[in-house]
Amino acid sequence: MRSMEQAENLIGKINRQYGKFSKGQKKLAEYICHNYDKAVFLTAAKLGAEVGVSESTTVRFATQLGYQGYPEFQRALEELVRNKLNSIQRMEVTFGRVPQSEILDTVFQSDINKIKLTMEDIDHEAFDLAVETVLQARTIYIVGIRSCAPLASFLGFYLNLIMDDVRLIQTNSASETFEQMLRLGEEDVVIGISFPRYSMRTLKALEFANNRNAKVITLTDSVHSPINLYSSCNLIARSDMASIVDSLVAPLSVVNALVVALCMKKQKEVVGTLESLEKIWDEYQVYNSDEIDHVGGNVDLSRRSEREKK
């Protein structure tokens with residue numbers, strides 16, 4: 001119980017004193033709140049260098065929080081990591097100092113920053129390799145579980161319009177994953193999507209793919225992500241989980257870029273597919289063609305009536 005109280009106390013101290021911090025100390029506070037799992041392994045000198053402040057500023061930061069020195073502060077940080085903050089505490093880490101009226105703008109700005117950081121850091125050669133690997137693949141398998149499932153589904157939907165054989169792995173157990181990847185071979189590619197907390201099922205699927213000599217592409221948050229163990233092509237996107245939900249805007253932008261790049265490589269095929277789909281959609285009335293008068297709030301049923309007479 002005492003350990004959790006110490007962890008909560010550290011975050012509480014940072015939030016309560018944030019307004020009194022110097023510019024350098026605020027940088028330290030922001031870094032620790034967003035990267036506490038990395039900061040815990042850093043000395044005062046290395047933490048200062050990572051943030052861009054002096055070692056003495058880092059030590060003063062610790063003492064201003066009420067700790068006798070940096071070692072005691074680091075022990076509190078260890079307790080924070082050990083207890084792995086729950087969802088509510090994660091929201092307090094990032095948004096505890098933000099007035100309720102500013103939450104919307106703060107979240108938007110946070111997501112914008114993640115896209116900017118991703119754009120600055122992403123490996124363009126790895127991205128080009130991912131495009132070529134997908135183009136040359138016999139079968140494309142996509143694995144994304146839990147909060148990453150929407151990303152996998154989105155990617156699968158559009159790859160189906162571009163490529164001949166795309167399989168979205170939908171599973172609730174590791175055994176089902178392997179059953180759906182039974183015919184996986186060296187001519188195939190597996191795209192694994194995973195962000196903290198990393199899915200063991202996704203990791204096992206990529207290990208299986210690696211053992212079958214299939215190509216592996218990963219979309220994750222860090223070069224240190226465990227799923228990169230089995231990948232030769234890593235796409236990195238920022239997704240700092242700071243609340244009850246993951247921020248997936250930057251990963252989705254990478255997915256969008258991948259889809260667009262593939263479309264540009266296969267323009268004729270994509271145009272032909274879309275033209276065929278338009279005919280099918282029209283023939284089977286996939287999309288509602290009723291017209292809505294948005295000003296008056298009325299629905300124009302004339303077209304529906306004509307169809308019903310036929």
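Residues Val216 and Met200 share a single hydrophobic cluster, defined by chaining ILVMFWY side chains whose heavy atoms lie under 4.5 Å apart. Linking Ile, Leu, Val, Met, Phe, Trp and Tyr whenever their side-chain heavy atoms come within less than 4.5 Å leaves Val260 and Ile115 in two separate clusters. Linking ILVMFWY side-chain heavy atoms closer than 4.5 Å, directly or via other members, places Leu168 and Phe157 in a single hydrophobic cluster. Under a hydrophobic clustering in which Ile, Leu, Val, Met, Phe, Trp and Tyr are joined whenever their side-chain heavy atoms come within less than 4.5 Å, directly or via other members, Leu248 and Ile122 fall into the same cluster. Under a hydrophobic clustering in which Ile, Leu, Val, Met, Phe, Trp and Tyr are joined whenever their side-chain heavy atoms come within less than 4.5 Å, directly or via other members, Ile162 and Val271 fall into different clusters.
Side-chain contact check for Ser194 versus Thr218: every heavy-atom pair is 4.5 Å or farther apart. Taking the side chain as every heavy atom from C-beta outward, Leu77 and Ile32 approach each other to under 4.5 Å. Side-chain contact between Ile236 and Asp123: absent, with no pair of heavy atoms (C-beta onward) separated by less than 4.5 Å. Annotation: side chain of Ile142 is in contact with side chain of Val166 (closest heavy-atom distance under 4.5 Å). Side-chain contact between Val255 and Leu219 is present, with heavy atoms from C-beta onward closer than 4.5 Å. No side-chain heavy atom of Glu187 sits less than 4.5 Å from a side-chain heavy atom of Gln136. Counting only heavy atoms from C-beta outward, the side chains of Phe154 and Leu159 never approach each other to under 4.5 Å. Between Ile14 and Leu65 there is a side-chain heavy-atom pair separated by less than 4.5 Å.
A donor-acceptor pair under 3.5 Å is formed between the side chain of Asp188 and the backbone N or O of Thr139. In terms of modelled atom types and a separation under 3.5 Å, the side chain of Gln180 and the main chain of Gln170 share a donor-acceptor contact. Looking only at distances, a side-chain donor or acceptor of Gln25 sits under 3.5 Å from a matching main-chain atom of Ser22. Put simply, the side chain of Gln64 never gets that close to the backbone of Arg60: no donor and acceptor are under 3.5 Å apart. Side chain of Ser253 to main chain of Val249: a donor-acceptor pair is present (N/O by atom type, distance under 3.5 Å, no hydrogens or angles). The backbone N or O of Lys114 lies less than 3.5 Å from a partner atom in the side chain of Thr118, making a donor-acceptor pair. When atom types are taken as modelled, the side chain of Ser225 and the backbone of Ser222 share no donor-acceptor pair closer than 3.5 angstrom. Asn210 places no side-chain N or O within donor-acceptor distance of the main-chain N or O of Leu206, the cut-off being under 3.5 Å.
Taking every heavy atom of both residues into account, Ala130 and Leu235 meet most closely at CB-CD1, 4.2 Å. The nearest pair of heavy atoms linking Thr63 to Gly69 is CG2-CA, 4.4 Å. For Gly192 against Ile227, the heavy-atom pair with the smallest separation is O-CD1, 4.0 Å. For the residue pair Glu186 and Lys215, the shortest heavy atom distance occurs at O-NZ, 3.5 Å. Nearest approach of Thr58 to Leu28, heavy atoms of both residues: CA-CD1, 3.7 Å. Closest of all the heavy-atom pairs between Phe195 and Ser239 is CD2-CB, 3.4 Å.
Between atom CD of residue Gln17 and atom NZ of residue Lys26 there is a gap of 12.5 Å, rounded to the nearest 0.5 Å. Rounded to the nearest 0.5 Å, atoms OG (Ser147) and CD1 (Ile193) are 10.5 Å apart. Taken from CD1 in Ile191 to CD1 in Ile140, the straight-line distance is 6.0 Å, to the nearest 0.5 Å. Distance check: Gln267 CD to Lys265 NZ gives 10.5 Å after rounding to the nearest 0.5 Å. The CZ atom of Arg183 sits 10.5 Å away from the CZ atom of Arg212 when rounded to the nearest 0.5 Å. The distance from the CD1 atom of Ile145 to the OG1 atom of Thr177 is 5.5 Å, given to the nearest 0.5 Å.
Ring centroid separation for the pair Phe73 and Tyr70 comes in under the 6.0 Å cut-off. In this structure, Phe61 has its ring center closer than 6.0 angstrom to the ring center of Phe21.
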| message | Between Asn234 and Val223, is the side chain to side chain contact (heavy atoms under 4.5 Å, CB included) condition met? List the steps. | response | CA-CA 7 Å; Asn234 310 323; Val223 291; 5.8 Å; no

| task | Starting from the C-alpha separation in whole Å, work towards a yes-or-no answer on side chain to side chain contact (heavy atoms under 4.5 Å, CB included) for Val190 and Met181. | result | CA-CA 9 Å; Val190 178; Met181 300 171 68; 3.9 Å; yes

| field | Step-by-step side chain to side chain donor-acceptor pair (under 3.5 Å) determination, Asp111 to Ser247 | value | CA-CA 7 Å; Asp111 283 344; Ser247 174; 2.6 Å; yes

| Do Thr57 and Ser54 pass the side chain to side chain donor-acceptor pair (under 3.5 Å) test, and can you show the C-alpha distance, the side-chain angles, and the key distance before you say yes or no? | CA-CA 5 Å; Thr57 298; Ser54 66; 2.9 Å; yes

| said: Assess the residue pair Asn113 and Gln109 against the criterion (side chain to side chain donor-acceptor pair (under 3.5 Å)); give the C-alpha distance rounded to whole Å, side-chain angles, the decisive distance to 0.1 Å, and a yes or no. | reply: CA-CA 6 Å; Asn113 290 338; Gln109 190 59 55; 3.2 Å; yes

| request: I would like to know whether Tyr141 and Asp165 meet side chain to side chain donor-acceptor pair (under 3.5 Å); could you show each step before the answer? | output: CA-CA 9 Å; Tyr141 296 83; Asp165 192 357; over 6 Å; no

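In this model, no donor atom of one side chain and acceptor atom of the other lie less than 3.5 Å apart for Asn228 and Ser231.
A cation-pi arrangement is found for Lys13 relative to Tyr67, the charged atom lying closer than 6.0 Å to the ring centre and inside a 45° cone about the ring normal.
With a 6.0 Å radius and a threshold of 12 heavy atoms from other residues, nucleotides or ligands, Tyr158 has its OH atom at or below the threshold.
The existence of a salt bridge linking Arg138 and Asp164 is excluded, since no basic side-chain nitrogen approaches an acidic carboxylate oxygen closer than 4.0 Å. Between Lys204 and Glu207 there is a salt bridge, since at least one side-chain N of the basic residue sits less than 4.0 Å from a carboxylate O of the acidic one. Ion pair Lys46/Glu55 not flagged as a salt bridge, since none of the NZ, NE, NH1 or NH2 atoms sits closer than 4.0 Å to an Asp/Glu carboxylate oxygen.
Partner of Cys233 under the side chain to side chain contact (heavy atoms under 4.5 Å, CB included) criterion, chosen from Val134, Asp128, Leu129: Leu129.
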